[in-house]
Amino acid sequence: METLEALLTRRSVRRFSTKAVPAEEVTLILKAAMQAPSAANAQPWHFIVIDDRNLLEEVPKFHPNAESLHHAQLAILVCGDERLIKMPDRWILDCSAATQNILIAAHGLGLGAVWLGIYPDPLRIERINQLFALPAEVHPLSLVAIGYPIKHTKPTNNYKADRIHHNGW
């Protein structure tokens with residue numbers, strides 16, 4: 001799939017088949033995530049690949065938008081490590097870029113994915129920290145549910161010319 005096609009046709013997918021995602025594809029997705037830009041090239045991210053059904057089923061108990069995990073074959077938890085940052089608070093931006101790369105890479109491989117926000121919700125952060133035993137210096141930003149889509153949704157055109165300004169408002 002061409003880059004622009006992937007960007008223009010990617011959709012959030014919340015329903016997945018039971019087909020397993022090959023380990024090689026998970027590795028490709030993680031490689032894509034780690035190619036994201038980061039402030040001062042700090043690359044402060046860590047990723048937890050979650051394929052344990054019990055863990056996937058636990059998250060929707062405290063995350064109201066995580067029902068897709070009941071069907072996902074796996075999820076990737078994207079975390080920022082404050083011990084690795086070179087600029088304060090930039091881990092949020094860096095891990096957001098990595099999350100977007102995960103979404104695009106999954107789509108490019110024929111997989112579906114959806115971004116489940118963790119940060120800045122205090123309850124979600126606390127429960128994710130507990131569930132995955134994160135060190136105090138590691139902060140969860142997002143959780144991406146991944147699997148083969150049950151159906152392919154037609155892409156939408158979100159382009160809004162009235163939101164574009166040149167050289168000022």
Checklist line | Polar side-chain atom of Ser68 near backbone of Arg14 as donor-acceptor pair, under 3.5 Å | finding: no

Next item on the list: Treating Ile, Leu, Val, Met, Phe, Trp and Tyr as nodes and any side-chain heavy-atom pair under 4.5 angstrom as an edge, say whether Leu103 and Leu7 lie in one connected cluster.
Entry: no

Notebook entry, point to check: Roughly how far, to the nearest 0.5 Å, is CD1 of Ile29 from CD of Glu24?
Noted result: 11.5 Å

Check: Who passes salt bridge (charged side-chain N to carboxylate O under 4.0 Å, His left out) against Lys61, sequence neighbours left out?
Finding: Glu58

Checklist line | Test item: Ile48 and Ile50 side chains (from C-beta on) under 4.5 Å apart, heavy atoms | finding: yes

Next item on the list: Can you see which heavy atom on Leu69 is nearest to which on Ala75, and at what distance?
Entry: CD2-CB, 3.8 Å

Notebook entry, point to check: How many angstroms lie between atom OG of Ser142 and atom CD of Gln100, to the nearest 0.5 angstrom?
Noted result: 10.5 Å

Check: Rounded to the nearest 0.5 Å, how far apart are CG of Leu141 and SG of Cys79?
Finding: 8.5 Å

Next item on the list: Report yes if the side chains of Ile128 and Leu134 come closer than 4.5 Å at any heavy-atom pair, otherwise no.
Entry: yes

Check: Hey, what do you get for CG (Leu84) to CD (Gln43), rounding to the nearest 0.5 Å?
Finding: 9.5 Å

Margin query: For a 4.5 angstrom cut-off between non-hydrogen side-chain atoms, does Asn41 reach Ser38?
Written below: yes

Item checked: ILVMFWY network linking Ile102 to Met1, side-chain heavy atoms under 4.5 angstrom -> no

Side-chain donor/acceptor pairs under 3.5 Å, residues 107-125, sequence neighbours excluded:
residue: His107; atom: NE2; partner: Thr9; partner atom: OG1; Å: 2.7
residue: Asp121; atom: OD1; partner: Leu123; partner atom: N; Å: 3.1
residue: Asp121; atom: OD1; partner: Arg124; partner atom: N; Å: 2.9
residue: Arg124; atom: NH1; partner: His63; partner atom: NE2; Å: 3.4
residue: Arg124; atom: NH1; partner: Gly117; partner atom: O; Å: 3.0
residue: Arg124; atom: NH2; partner: Asn65; partner atom: OD1; Å: 3.4

Notebook entry, point to check: Is any side-chain heavy atom of Gln73 less than 4.5 Å from a side-chain heavy atom of Tyr148?
Noted result: no

Next item on the list: Dump the intermediate steps for side chain to side chain contact (heavy atoms under 4.5 Å, CB included) on Phe132 and Val138, then the final yes or no.
Entry: CA-CA 11 Å; Phe132 297 101; Val138 175; over 6 Å; no

Notebook entry, point to check: Are any of the side-chain heavy atoms of Thr156 and Arg11 separated by less than 4.5 Å?
Noted result: yes

Next item on the list: Grab the two heavy atoms, one from Ala145 and one from Ala72, that are nearest each other, plus how far apart they are.
Entry: CB-CB, 3.9 Å

Check: Are the side chains of Phe16 and Ile146 in touch, meaning some heavy atoms are under 4.5 Å apart?
Finding: no

Checklist line | hydrophobic_cluster_shared for Leu93 and Trp45, side chain cutoff 4.5 Å | finding: no

Checklist line | Salt-bridge contact Lys160-Asp162 (side-chain N to carboxylate O under 4.0 Å) | finding: no

Next item on the list: Using atom types as modelled and distance alone, determine if a side-chain donor or acceptor of Asp94 lies under 3.5 Å from a backbone N or O of Ala39.
Entry: yes

Notebook entry, point to check: Can you find a pair of side-chain heavy atoms, one from Leu30 and one from Thr27, that are under 4.5 Å apart?
Noted result: no

Note to self: Tell me whether Gln130 at atom CD has more than 12 heavy atoms from other residues, nucleotides or ligands lying less than 6.0 Å away.
What the structure shows: yes

Check: Heavy-atom count around Glu82 CD within 6.0 Å, excluding the residue itself: above 12?
Finding: yes

Next item on the list: Taking atom CZ of Arg83 as the centre, report whether more than 12 heavy atoms of other residues, nucleotides or ligands fall under 6.0 Å from it.
Entry: yes

Note to self: Check for me, please, whether Ile92 and Ile76 land in the same ILVMFWY cluster - side-chain distances under 4.5 Å, paths through other members count.
What the structure shows: yes

Notebook entry, point to check: If you measure from OG on Ser17 to NE2 on His71, what distance do you get to the nearest 0.5 Å?
Noted result: 11.5 Å

Note to self: I'd like to know if the side chain of Asp81 reaches the main chain of Pro44, judged simply by a donor and an acceptor atom lying under 3.5 Å from each other, with no hydrogens or angles considered.
What the structure shows: no

Notebook entry, point to check: Among the clusters formed by ILVMFWY side chains lying less than 4.5 Å apart, do Ile150 and Val21 turn up in the same one?
Noted result: no

Next item on the list: Using a 4.5 Å cut-off on heavy atoms from C-beta on, say whether the side chain of Leu77 contacts that of Phe47.
Entry: no

Checklist line | Lys151 side, atom NZ; Thr153 side, atom OG1 - distance, nearest 0.5 Å | finding: 5.5 Å

